[in-house]
Amino acid sequence: MLTSERYAAIAEQVAEACKQAGRNPEEVTIVAVSKTVGPAEVASAIEGGARDFGENRPDQLMVKADQFTDSTWHFIGNIQSRRIRDIVGRATLIHSLFEERHARKIDDVAREHGIVQDALIEVNVSGEHSKSGLAPADVRAMLDYCGGLQNLRICGLMTMAPLGDMQAARQAFEGLRELRDSLQSDYPDVRELSMGMTDDWPIAIEEGATIVRIGRAIFSDL
Ligand SMILES: *Cc1c(COP(=O)(O)O)cnc(C)c1O
């Protein structure tokens with residue numbers, strides 16, 4: 001199958017899963033995670049209807065975002081201070097923010113560019129040591145800190161579920177949704193839930209994901 005066909009098939013499955021869950025498909029954005037492929041595959045996904053793409057390396061984000069300027073680019077990888085300049089502005093949404101010092105630097109660079117940078121707070125819901133992100137109990141303090149930064153807007157939360165255990169994945173997604181709901185009255189901008197990848201996106205949609213990040217199901221034959 002061509003990448004364009006795989007993307008179109010996934011988009012249809014996502015829309016169907018939304019309907020099954022009683023949700024409007026327009027509430028869910030598919031981020032096509034193109035970190036393992038080159039420009040030809042990105043172009044093919046665009047042909048299949050893809051609008052949003054995700055990258056986890058700043059250098060790849062730079063190359064692809066600067067080439068495909070009509071697409072929306074997301075940064076989903078580990079943030080390093082010295083690469084923040086390459087990310088701010090290029091990424092419409094940064095999914096993986098959890099350190100105050102990075103928030104401060106993103107805010108500084110965004111101010112220089114005269115923009116407000118949108119970002120999500122990465123939360124380690126499952127508490128696995130191998131995972132990055134804030135403990136749920138620390139998210140409020142981070143939101144308060146970011147609230148003092150004029151050129152950074154936190155518009156939601158992101159998590160990575162434990163791999164290979166669908167019950168644990170559901171718990172993590174449910175936990176992220178409950179956390180978002182508990183923050184809504186004090187932080188009305190915190191709406192988005194970025195959760196769900198190739199192996200677990202149907203569960204994430206049932207649990208309220210507004211953004212799913214799908215790589216292998218679009219860009220490989222599995
Ligand atoms: C690679 C990656 C994905 C996509 O994973 P697949 O299993 O290929 O769908 C999603 N989110 C993050 C943060 C990633 O690094």
Side-chain angles (χ1 to χ4, degrees), residues 1 3-14 17 28-38 41-42 44-45 48-65 71-80 83-84 86-87 90-99 102 118-134 155-166 168-170 172-173 175-177 192-222:
M1 235 198 265
T3 295
S4 56
E5 295 167 343
R6 275 195 303 259
Y7 182 85
I10 286 286
E12 216 165 278
Q13 290 167 32
V14 167
V28 178
T29 298
I30 302 170
V31 172
V33 178
S34 50
K35 64 189 181 192
T36 60
V37 300
E41 299 302 305
V42 171
S44 181
R51 286 181 297 261
D52 289 78
F53 290 89
E55 287 289 334
N56 66 345
R57 309 280 288 262
D59 44 359
Q60 283 297 305
L61 175 74
M62 289 171 77
V63 169
K64 291 174 188 155
S71 302
T72 299
W73 290 86
H74 299 246
F75 186 74
I76 62 173
N78 185 36
I79 297 174
Q80 292 173 291
R83 301 309 301 271
I84 282 174
D86 301 328
I87 301 170
R90 273 201 185 81
T92 300
L93 185 63
I94 298 172
H95 290 230
S96 41
L97 175 63
F98 60 92
E99 292 194 59
H102 292 154
D118 283 341
L120 309 176
I121 303 296
E122 182 169 355
V123 186
N124 183 356
V125 183
S126 62
E128 288 175 290
H129 289 301
S130 59
K131 289 226 161 20
S132 43
L134 288 178
C155 34
L157 307 174
M158 180 273 233
T159 201
M160 307 261 287
L163 298 177
D165 178 344
M166 293 305 133
R170 187 179 294 280
F173 298 152
L176 197 70
R177 169 168 45 85
E192 305 291 340
L193 292 174
S194 170
M195 56 191 201
M197 319 197 320
T198 289
D199 291 331
D200 52 22
W201 67 259
I203 299 172
I205 291 201
E206 286 175 15
E207 297 297 337
T210 64
I211 303 173
V212 290
R213 310 178 307 269
I214 302 180
R216 285 169 299 135
I218 295 168
F219 291 109
S220 80
D221 278 318
L222 291 178

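Hydrogens, waters and symmetry mates are skipped; everything else that's a heavy atom, side chains included, is used. For clarity, every value in this text was computed on a predicted model and none was experimentally measured. Remember, it's 1-based here, ligands and their atoms both numbered in the order they're listed.
In the vicinity of Arg213, heavy-atom distances shorter than 4.0 Å reach the ligand 1 atoms 4 (C), 9 (O), 10 (C), 11 (N), 12 (C), 13 (C). Under a 4.0 Å criterion applied to the non-hydrogen atoms of Gly215, ligand 1 contributes the atoms 4 (C), 6 (P), 8 (O), 9 (O). Proximity to Thr198 (heavy-atom distance under 4.0 Å) selects the following atoms of ligand 1: 6 (P), 7 (O), 8 (O), 9 (O). Every atom of ligand 1 with a heavy atom of Ile214 under 4.0 Å away is listed here by number and element: 9 (O). The contact set between ligand 1 and Met160, taken as ligand atoms under 4.0 Å from a residue heavy atom, comprises 12 (C), 13 (C).
Scanning the protein heavy atoms around atom 10 (C) of ligand 1, the nearest turns out to be Met197 SD, 3.2 Å. Looking at atom 14 (C) of ligand 1, its nearest protein heavy atom turns out to be Lys35 NZ, 3.1 Å. Taking atom 12 (C) of ligand 1 as the reference point, the nearest protein heavy-atom neighbour is Ile76 CD1, 3.6 Å. Atom 7 (O) of ligand 1 has Arg216 NH2, 2.8 Å as its closest protein atom, hydrogens excluded (heavy atom only).
A salt bridge links Asp221 with Arg6: at least one charged nitrogen is closer than 4.0 Å to a carboxylate oxygen.
Ser126 is listed as a side-chain neighbour of Asn124, based on a closest heavy-atom distance under 4.5 Å. Counting heavy atoms from C-beta outward, Thr159 and Lys131 have side chains that stay 4.5 Å or more apart.
When the shell of 6.0 Å around CD of Glu12 is examined, it contains 12 or fewer heavy atoms from other residues, nucleotides or ligands.
The side-chain hydrogen bond (donor to acceptor under 3.5 Å, both in side chains) with Glu55 is formed by just one residue from the set Gln60, Arg90, Lys35, Lys64; it is Lys64.
Ring geometry for Trp73 against Phe53 counts as parallel: the plane angle stays under 30°, on a 0 to 90° scale with 60° as the upper cut.
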Apply side-chain contact (heavy atoms from CB on, under 4.5 Å) to the pair Glu41 and Ile218, showing each step before the final yes or no.
CA-CA 10 Å; Glu41 299 302 305; Ile218 295 168; over 6 Å; no
